[in-house]
Amino acid sequence: MGMFWLLAFVLSQTIPTQAAVTVGGGVGINIGNAGGGVWIGGGINNNNNNPTPSSSPVSKLSSAYTALQAWKSAITDDPLGILKTWVGSDVCAYKGVFCAGSQGAMAPFVAGIDLNHANLRGMLVKELSLLSDISILHLNSNRFSGTVPESFKDITSLQELDLSNNHFSGPFPTVVLYIPSLVYLDLRFNSFSGPIPDELFDKRLDAVFLNNNQFEGELPQNLGNSPASVINLANNKLSGNIPASFGLASSKLKEILLLNNQLTGCIPEGVGLFSEMQVFDVSRNSLIGHLPDTISCLSDIEVLNLAHNKLSGVLPDLVCSLRSLMNLTVAYNFFSGFSQECSKLFFRNSGFDFSLNCIPGRDMQRPEPQCSVIPGGGLSCLRIPSAQPLVCGALLGNLAVNVSSTSP
């Protein structure tokens with residue numbers, strides 16, 4: 001994210017088809033038939049071929065000027081001199097500020113801010129809500145601190161909010177739940193703490209990045225409800241079980257990363273319902289029990305990382321025969337064996353790490369005393385009761401009945 005092509009794409013949704021968009025005051029990106037000229041990040045294009053109307057509303061840019069100057073006063077360090085360009089009323093000439101608007105059709109307005117890697121130190125200010133037409137706010141890799149102002153709920157056009165790799169702290173900024181157009185949320189590499197609200201996974205987001213914070217508490221029970229294609233909750237202090245209903249909402253999830261938390265219990269059977277899943281990483285937790293057979297339904301899975309848990313049993317053929325699998329890591333568990341199909345992974349040029357388990361006759365396994373008592377050996381994981389071979393297409397109905405029958 002943060003690429004200029006993405007910014008231009010978002011802006012194209014608001015610019016009439018006869019506008020030509022130029023990024024950074026020099027590189028042209030044509031949208032539709034070239035006609036009226038629009039400058040993004042380099043001021044409004046006022047050349048002789050595209051004369052400016054004699055009168056044009058300036059209220060949007062006036063509000064933007066108020067917002068950006070208020071924010072500038074809250075930034076205490078600017079080692080790269082970015083804000084030296086934030087002088088005067090022409091906010092479209094400010095470095096990192098991108099404007100849009102077709103001459104003669106609509107007034108110019110601030111449509112995006114990209115200050116990634118600017119190394120700015122300061123805080124966000126409530127006046128930024130005056131930028132009501134902004135679609136993108138990218139601030140990763142700076143030194144902003146504090147939290148997200150409540151007024152951000154008024155930025156009704158905001159689609160992408162990237163605050164990653166800063167010094168933000170405090171509880172989850174619930175105001176982001178009320179930004180109506182938001183589809184991309186990136187809060188990773190900060191110091192946010194406390195629980196993750198359930199409402200986050202009912203919001204229509206496409207990407208959720210909360211990794212590398214200090215979030216704690218149990219995973220919300222509606223985790224699988226999210227329509228997001230990517231969810232990254234890695235490197236926090238989350239605890240409890242992966243919800244038994246995980247996967248029952250027929251989500252289009254492609255990547256989920258829960259590694260390096262404090263999760264316990266079993267891997268739920270619902271995982272197999274994510275037919276488009278490509279990355280499933282639950283390594284470095286305390287998960288126990290046998291793998292559910294439903295993992296064999298992850299036909300698109302490429303990376304399956306189960307390392308550094310307390311999983312046991314035999315790694316089945318069904319898992320190792322997944323056609324798209326490129327990397328299978330089960331190291332540092334208590335598996336007692338794997339099938340012939342798993343051995344073929346070596347010859348398929350796939351990554352397969354089974355070290356430090358309890359597999360007889362294999363090198364680099366746990367010492368025998370560690371394998372005498374299997375963690376969670378008496379645990380009964382919720383599994384589909386069936387004497388017949390697993391049929392992935394029949395999973396949803398069986399799982400829904402099984403989960404509901406065990407619910408209180």
Side-chain angles (χ1 to χ4, degrees), residues 1-4 6-7 41 63-87 91 94-98 110-179 181-194 196-197 200 205 207-215 232-236:
M1 309 306 284
M3 299 295 292
F4 284 131
L6 181 57
L7 178 61
S63 295
Y65 174 79
T66 300
L68 294 173
Q69 289 300 315
W71 190 21
K72 179 181 178 181
S73 67
I75 296 176
T76 58
D77 190 25
D78 175 23
L80 301 181
I82 303 293
L83 302 186
K84 291 180 180 179
T85 66
W86 288 29
V87 177
V91 296
Y94 291 7
K95 190 170 184 179
V97 176
F98 300 88
V110 173
I113 293 178
D114 187 340
L115 291 172
N116 290 345
H117 303 280
N119 199 22
L120 298 170
R121 182 175 64 200
M123 302 181 70
L124 303 181
V125 295
K126 63 181 182 180
E127 287 85 356
L128 287 171
S129 64
L130 295 172
L131 302 171
S132 57
D133 295 307
I134 195 173
S135 296
I136 295 175
L137 181 58
H138 286 176
L139 303 177
N140 83 56
S141 302
N142 284 282
R143 291 173 289 155
F144 290 111
S145 59
T147 189
V148 183
E150 288 297 316
S151 61
F152 268 46
K153 67 180 183 296
D154 298 325
I155 310 180
T156 54
S157 297
L158 187 61
Q159 297 183 30
E160 295 188 13
L161 179 61
D162 183 354
L163 304 180
S164 61
N165 197 22
N166 278 282
H167 299 161
F168 292 107
S169 59
F172 181 91
T174 54
V175 63
V176 303
L177 302 174
Y178 304 103
I179 301 175
S181 301
L182 196 67
V183 295
Y184 177 91
L185 177 64
D186 193 343
L187 302 179
R188 56 187 155 176
F189 291 97
N190 280 288
S191 297
F192 290 112
S193 58
I196 297 174
L200 176 66
L205 297 172
V208 178
F209 295 97
L210 304 185
N211 53 292
N212 295 82
N213 278 280
Q214 298 177 29
F215 290 116
N232 192 339
L233 307 180
N235 302 313
N236 281 289

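Values below: every heavy atom of this structure, side chains too, minus hydrogens, waters and symmetry copies.
- The closest donor-acceptor contact from the side chain of Asn212 to the backbone of Phe189 lies at 3.5 Å or more, if one exists at all.
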Kindly list each side-chain donor-acceptor pair under 3.5 angstrom involving residues 126-134, sequence neighbours excluded, with atom names and distances?
| from | atom 1 | to | atom 2 | distance (Å) |
| --- | --- | --- | --- | --- |
| Ser129 | OG | Lys126 | O | 2.9 |
| Asp133 | OD2 | Lys60 | NZ | 2.8 |

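- No side-chain heavy atom of Ile113 sits less than 4.5 Å from a side-chain heavy atom of Tyr94.
- Contact record, Leu182 with Val176: CD2-O, 3.8 Å, taken as the closest heavy-atom pair.
- Considering all non-hydrogen atoms of both residues, Ala207 and Tyr184 come closest at CB-CD1, 3.6 Å.
- For the side chain to side chain contact (heavy atoms under 4.5 Å, CB included) with Phe168, the qualifying choice from Leu139, Asn213, Asn190 is Asn190, the only one to do so.
- Atoms CG and OG, from Leu158 and Ser135 in turn, are 7.5 Å apart once rounded to the nearest 0.5 Å.
- Taking 4.5 Å as the limit, some side-chain heavy atom of Leu163 sits within range of a side-chain heavy atom of Leu161.
- The shortest distance between side-chain heavy atoms of Leu233 and Arg188 does not fall below 4.5 Å.
- You'll find the side chain of Trp86 reaches within 4.5 Å of the side chain of Leu68, heavy atoms only.
- In this structure, Ile136 CD1 and Glu160 CD are separated by 4.5 Å, a value rounded to the nearest 0.5 Å.
- When the options Asp162, Asp186, Asn165 are evaluated for a side chain to side chain donor-acceptor pair (under 3.5 Å) with Asn140, the one that passes is Asp162.
- Scanning both residues, Pro197 and Leu177, for their nearest heavy atoms gives CG-CD1, 4.1 Å.
- For the pair Leu124/Pro149, a side-chain contact is recorded, criterion being any heavy-atom separation below 4.5 Å from C-beta on.
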Run the numbers on Val97 and Thr85 for side-chain contact (heavy atoms from CB on, under 4.5 Å), then give the verdict.
CA-CA 10 Å; Val97 176; Thr85 66; over 6 Å; no

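- Residue pairs meeting the side chain to side chain donor-acceptor pair (under 3.5 Å) criterion with at least one member in residues 144-155, sequence neighbours excluded, do not occur.
- Residues meeting the side chain to side chain contact (heavy atoms under 4.5 Å, CB included) test with Asn232, sequence neighbours left out: Phe209, Asn211, Ala234, Leu257.
- With rounding to the nearest 0.5 angstrom, the OG1 atom of Thr156 is 10.0 Å from the CD1 atom of Ile179.
- Among pairs with a residue in residues 166-178, none fulfils side chain to side chain donor-acceptor pair (under 3.5 Å), at least two apart in sequence or across chains.
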Side chains of residues 75-83: which donor-acceptor pairs under 3.5 Å do they make with residues two or more places apart or in other chains?
| from | atom 1 | to | atom 2 | distance (Å) |
| --- | --- | --- | --- | --- |
| Thr76 | OG1 | Arg121 | O | 3.4 |
| Thr76 | OG1 | Arg121 | NE | 3.3 |
| Asp77 | OD2 | Arg143 | NH1 | 3.3 |
| Asp77 | OD2 | Arg143 | NH2 | 2.7 |
| Asp78 | OD1 | Gly81 | N | 3.2 |
| Asp78 | OD1 | Ile82 | N | 3.0 |
| Asp78 | OD2 | Ile82 | N | 3.0 |
| Asp78 | OD2 | Leu83 | N | 2.7 |

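- Residue pairs meeting the ring-ring contact (aromatic ring centres under 6.0 Å, His included) criterion with at least one member in residues 143-164, sequence neighbours excluded: Trp71-Phe144.
- Among all heavy-atom pairs drawn from Leu115 and Asn142, the shortest one is O-ND2, 2.9 Å.
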